[in-house]
Amino acid sequence: MTTAGDIMHRGAQWIPKHETLDRAAQLMRELDVGALPISDENERLCGILTDRDIVVGCVAMGHDPSRVTAGDMAKGTPRWIDSGADVVEVLREMQGHQIRRLPVIENKRLVGMISEADLATHLDDDQLAGWVESVYARS
């Protein structure tokens, strides 16, 4: 059985909800990633911040990224998967919520992220095609 822990990208890092979006952008650049899980004061997942969120939800709206926090951008119920979950569960979660990145949690701690690139590397062609069709389908 292939698990979330087998296909995830290790070393994902949180951005605390009190950090500003300019700091989040700097961290994304340093880590060469396009998304960061947002943590609350107890290091619990409270959202995911993407580079697109910063541009569209802050800069394009005329807001100052040095004054808007990651927590200000956290919306909805964050989705995650346990590191021991089967890859079928990973696909079900991502497809069901039409998401492209999924934090992986182990013992209530962030241990990795699953992205489109991870899926492309680890799924067979049929699984990948099904995922792409469901996630990118227009609602």
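Note: hydrogens, waters and symmetry copies are ignored here, and every other heavy atom, side chains too, is used.
- For Asp40, the side-chain hydrogen bond (donor to acceptor under 3.5 Å, both in side chains) test picks out no residue, with sequence neighbours left out.
- Taking all atoms of both residues into account, the shortest heavy-atom contact from Gly5 to Met8 is O-CG, 3.6 Å.
- Between Ile105 and Leu110 there is a side-chain heavy-atom pair separated by less than 4.5 Å.
- Side chains of Leu45 and Trp14 form a contact here, defined as non-hydrogen atoms less than 4.5 Å apart.
- Among residues at least two apart or in separate chains, salt bridge (Lys or Arg N to Asp or Glu O under 4.0 Å) pairs with a member in residues 54-70 are Asp64-Arg67.
- At distances below 3.5 Å, at least one donor-acceptor pair connects side-chain atoms of His122 with backbone N or O atoms of Asp118.
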Sequence neighbours excluded and cut-off under 3.5 Å, please list the side-chain donor-acceptor pairs for residues 81-97, or say none.
{"residue": "Asp82", "atom": "OD2", "partner": "Gly84", "partner atom": "N", "Å": "2.8"}
{"residue": "Ser83", "atom": "OG", "partner": "Glu106", "partner atom": "OE1", "Å": "2.6"}
{"residue": "Asp86", "atom": "OD2", "partner": "Val88", "partner atom": "N", "Å": "2.8"}
{"residue": "Glu89", "atom": "OE2", "partner": "Asp86", "partner atom": "N", "Å": "3.4"}
{"residue": "Glu93", "atom": "OE2", "partner": "Arg79", "partner atom": "NE", "Å": "2.6"}
{"residue": "Glu93", "atom": "OE2", "partner": "Arg79", "partner atom": "NH2", "Å": "2.9"}
{"residue": "Gln95", "atom": "NE2", "partner": "Gly130", "partner atom": "O", "Å": "3.3"}
{"residue": "Gln95", "atom": "NE2", "partner": "Ser134", "partner atom": "OG", "Å": "3.3"}
{"residue": "His97", "atom": "NE2", "partner": "Arg79", "partner atom": "NE", "Å": "3.4"}
{"residue": "His97", "atom": "NE2", "partner": "Arg79", "partner atom": "NH2", "Å": "3.3"}

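- Checked against side-chain hydrogen bond (donor to acceptor under 3.5 Å, both in side chains), Thr3 has the following partners two or more places apart in sequence or in another chain: Asp6.
- Connection of Leu49 to Ile99 is not established within any shared hydrophobic cluster, with ILVMFWY side chains joined at heavy-atom distances below 4.5 Å, either directly or through further cluster members.
- Taken to the nearest 0.5 Å, the CH2 atom of Trp80 stands 14.5 Å off from the CE atom of Met113.
- Listed here is the closest heavy atom pair of Pro78 and Gly47: CB-N, 3.8 Å.
- Counting all heavy atoms, side chain and backbone alike, Pro16 lies closest to Ala70 at O-CB, 3.9 Å.
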Can Val68 and Thr20 be said to form a side-chain contact (heavy atoms from CB on, under 4.5 Å), step by step? CA-CA 5 Å; Val68 178; Thr20 59; over 6 Å; no
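- Heavy atoms of other residues, nucleotides or ligands lying less than 6.0 angstrom from CE of Met1 number more than 12.
- Within a 6.0 Å sphere centred on CG of Asp124, heavy atoms belonging to other residues, nucleotides or ligands number more than 12.
- Taking CD1 of Ile48 as the reference point, atom CZ of Arg101 lies at 8.0 Å (rounded to 0.5 Å).
- Open room surrounds CG on Asp125; 12 or fewer heavy atoms of other groups in view lie less than 6.0 Å from it.
- You'll find the side chain of Lys17 stays beyond 4.5 Å of the side chain of Thr69, heavy atoms only.
- Atoms CH2 and CG, on Trp131 and Leu123 in that order, are 9.0 Å from each other to the nearest 0.5 Å.
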Exercise answer: donor-acceptor pairs, residues 28-38 side-chain atoms, under 3.5 Å, sequence neighbours excluded:
{"residue": "Glu30", "atom": "OE2", "partner": "Arg23", "partner atom": "NH1", "Å": "3.4"}

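- Screening residues 43-59 for side-chain hydrogen bond (donor to acceptor under 3.5 Å, both in side chains) gives Glu43-Arg109, Thr50-Asp53 as the qualifying pairs, with residues at least two apart or on separate chains.
- Note that CD1 of Ile7 is 9.5 Å distant from OG1 of Thr121, once rounded to the nearest 0.5 Å.
- Taking CG of Leu21 as the reference point, atom SG of Cys58 lies at 5.0 Å (rounded to 0.5 Å).
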